[in-house]
K.L.:
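Sharing a structure, written as C-alpha cells. Questions coming.
Quick note: numbers below take in every heavy atom, side chains included, and nothing from hydrogens, waters or symmetry partners. From a predicted model like this one, the values you see are computed outputs, not experimental measurements. Numbering of residues begins at 1 and proceeds along the displayed sequence.
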Amino acid sequence: MKVIGIDFTSSPSRRKPITALSCSLEGDTLTAGDLESWPDFKGFEEMLASPGPWIAGIDFPFGQARRFINTIGWPKNWAEYVGHAQRLTRDGFRKALDEYRAERPDGDKEHRRATDIAAGSISPQKLFGVPVGLMFFEGAPRLLSSGVSIPYLLNGAQDRIAVEAYPGVVARKLIGRRSYKNDTKSKQTIDQFRARQELFHELVSGGQELYGLTIEADRSLCDDPGADTLDALLCAVQAAWAWNQRKKGYGAPQDPDELEGWIADPLVSGGTPRSDLKEEHDIDVVVVNLKIRRSTYEAARTMATSSNSKSPGEARSAMTAEDYLSQFLDTNLED
C-alpha cells in the first residue's frame, strides 16, 4: 500500500514548501521512499487527484469545533461548512474568526475539538503563532473538491483516503516537550538536532510497540532544522497505522464527531481526553494544564495589552494573553 506523509503549510513557498514523503507499507513494515517539496498548492492538488490506492496522513486540522460551528451559525455538516468557509475567501474567513473572537469574553474566544483536547493540540480557529486556522482554510476545501474519502467526514473515492495527522502528539510521547525544530535560522540549535535524532531513534526502535509497525527510514530525515521531513515521516506513520486499523474504522475514537473530525493516532483514539490535558477555565484565559512560569503568563498579558492599544484608523486584530501564550508554547516546547 502506498502511504504518504504530508507536512502542510498555509502559505507554501520555496523557502517553506509543503513536504511529502512517499512510503510503502507491506504488512506491518513501513519503508520510507521519495521526498517531494511543493512550493505552491499545485503539487498538493495533483497528489490528491493522483490514482490510488493510497492513504495520506496530512498535518492540518480537517475540521472546526462543534461549539464554534453551532455558535457562529455555519452549516451543521462538514462538507457544507467547509464550502461555506471557502466562499468567504481567505480575508473573509479571517475577518469572520476575528469578529467572533472580538464578541466573546476572554477564555471563551477559541474552541478546541474533542480530538484537540485528547491530543493536546491548539484550537483550529488559531490565526496567530502556528496559524492552523489558515491551514484549515487552505487544506480542507482542497480535500473536499478532490473527491478523496475521509473516514466519517467525506465519502469519496475508496482508493484515495486522507486522514488527519498531528506529529506533535508523537513527539511529546517520545521526547517530551523538548524543542526539536525552528524555521528561523538564528534560533536553530544543536540541541534541537539532537532532539530530532532522539525522536527518530525512539520512533524507529519503538515502532512496533507504539504503532504495530516496523519502520525503515534514513536518519538523514533528521537533518532538516525545520523538521518538515521528519514531521512528514511522523504523518506517514500515523497514516500507516490508520490503514492497518481500517477494519476498525481506521482507528477513529468510539463515536467520532462527524462535524469536527479526528486525529489518527492510537494515543488520541481513546476518545477521552487525558487527565493531564484537561482544559481549565478562569476569568482570564483557557490554557492547557501545563506548568509555566508566572512571569511567562504575565509577559503574555503585557504583550496582549500593548497589541490592543491601537491608534485611530489602525486596522489591527485584537490579541489576548491566550494568543501570545499559545504562540510562546508553540515555538518553545521545552518550556
K.L.:
Got a donor-acceptor contact below 3.5 angstrom from the T115 side chain to the I263 backbone?
P.N.:
yes
K.L.:
Side-chain contact test, heavy atoms from C-beta onward, threshold under 4.5 Å: evaluate it for R196 versus R178 and give yes or no.
P.N.:
no
K.L.:
Kindly assign one of parallel, tilted or perpendicular to the pair F60 and F44, based on the angle between their ring planes and the thresholds 30° and 60°.
P.N.:
perpendicular
K.L.:
Please round to the nearest 0.5 Å and tell me the distance separating atom CG of L210 and atom NZ of K173.
P.N.:
6.5 Å
K.L.:
Are side-chain N/O atoms of T89 and R94 paired as donor and acceptor at under 3.5 Å?
P.N.:
no
K.L.:
Is there side-chain contact between S11 and R90, with heavy atoms separated by less than 4.5 Å?
P.N.:
yes
K.L.:
Is any side-chain heavy atom of W262 closer than 4.5 Å to a side-chain heavy atom of P253?
P.N.:
yes
K.L.:
Taking L88 as the starting point, is it possible to reach L134 by hopping between hydrophobic residues whose side chains are less than 4.5 Å apart?
P.N.:
yes
K.L.:
Looking only at heavy atoms, what is the nearest atom pair of G57 and A165, with distance?
P.N.:
C-CB, 3.8 Å
K.L.:
Locate the shortest heavy-atom distance separating V130 from M135; write the atom from each residue and the value.
P.N.:
CG1-SD, 4.5 Å
K.L.:
Between D231 and K181, does at least one N-O distance fall below 4.0 Å, as a salt bridge requires?
P.N.:
yes
K.L.:
For the residue pair F68 and Y100, does the interplanar ring angle fall in the parallel (under 30°), tilted (30 to 60°) or perpendicular (over 60°) class?
P.N.:
perpendicular
K.L.:
Roughly how far, to the nearest 0.5 Å, is CD of E138 from CD of Q86?
P.N.:
9.5 Å
K.L.:
After noting the C-alpha distance and the side-chain angles of I6 and C235, does the key distance pass the side chain to side chain contact (heavy atoms under 4.5 Å, CB included) rule?
P.N.:
CA-CA 6 Å; I6 300 176; C235 291; 5.9 Å; no
K.L.:
Is there side-chain contact between L203 and I215, with heavy atoms separated by less than 4.5 Å?
P.N.:
yes
K.L.:
State the CG-CG distance between L154 and L143, to the nearest 0.5 angstrom.
P.N.:
8.0 Å
K.L.:
Considering only heavy atoms from C-beta outward, does the side chain of F137 approach that of P124 to under 4.5 Å?
P.N.:
no
K.L.:
Can you confirm whether I150 sits close enough to V163 that some side-chain heavy atom of one is under 4.5 Å from a side-chain heavy atom of the other?
P.N.:
no
K.L.:
What class does the angle between the rings of Y250 and W243 fall in, given that below 30° is parallel, 30 to 60° is tilted and above 60° is perpendicular?
P.N.:
tilted
K.L.:
Taking all non-hydrogen atoms of both residues into account, name the closest pair between L97 and Q125 and its distance.
P.N.:
CD2-O, 3.2 Å
K.L.:
Do D116 and E260 make a side-chain contact, defined as non-hydrogen atoms from C-beta onward lying under 4.5 Å apart?
P.N.:
no
K.L.:
So among D224, D40, D228, which one has a salt bridge (Lys or Arg N to Asp or Glu O under 4.0 Å) with K16?
P.N.:
D228
K.L.:
Is there any side chain to side chain donor-acceptor pair (under 3.5 Å) pair reaching into residues 69-83, and which pairs are they, with sequence neighbours excluded?
P.N.:
W74-H84
K.L.:
Strictly by side chain to side chain donor-acceptor pair (under 3.5 Å), give each pair with a member in residues 200-218 just once, sequence neighbours left out.
P.N.:
D28-Q208, T31-E216, Q208-T214, Y211-D265, D218-S220
K.L.:
Would you call D98-K95 a salt bridge at under 4.0 Å N-O?
P.N.:
no
K.L.:
Can you list every side chain to side chain donor-acceptor pair (under 3.5 Å) pair that touches residues 150-170, not counting sequence neighbours?
P.N.:
R113-E164, S149-Q158, N155-Q158, Y166-R172
K.L.:
Please determine if R142 forms a cation-pi arrangement with F41, meaning its NZ or CZ atom is less than 6.0 Å from the six-membered ring centre and no more than 45° off the ring axis.
P.N.:
yes
K.L.:
Does I161 reach the side chain of W54, with side-chain heavy atoms less than 4.5 Å apart?
P.N.:
no
K.L.:
Determine, using the 4.5 Å side-chain heavy-atom cutoff (strictly less than), whether F200 and F193 are members of one ILVMFWY cluster.
P.N.:
no
K.L.:
Checking V169 against Q238 for the side chain to side chain contact (heavy atoms under 4.5 Å, CB included) test, could you report, in this order, the C-alpha distance in whole Å, the side-chain angles of both residues, the deciding distance, and whether it holds?
P.N.:
CA-CA 10 Å; V169 72; Q238 291 174 318; 3.6 Å; yes
K.L.:
Are D108 and R67 ion-paired here, with the side-chain N under 4.0 Å from a carboxylate O?
P.N.:
yes
K.L.:
Roughly how far, to the nearest 0.5 Å, is the CD1 atom of I55 from the SG atom of C23?
P.N.:
12.0 Å
K.L.:
Give a yes or no on whether a salt bridge exists between E103 and K109, defined as a side-chain N under 4.0 angstrom from a carboxylate O.
P.N.:
no
K.L.:
Using the rule given for side chain to side chain contact (heavy atoms under 4.5 Å, CB included), can you reason through K2 versus S24, listing the C-alpha separation, both sets of side-chain angles and the distance that settles it, and then say yes or no?
P.N.:
CA-CA 5 Å; K2 183 176 182 180; S24 62; over 6 Å; no
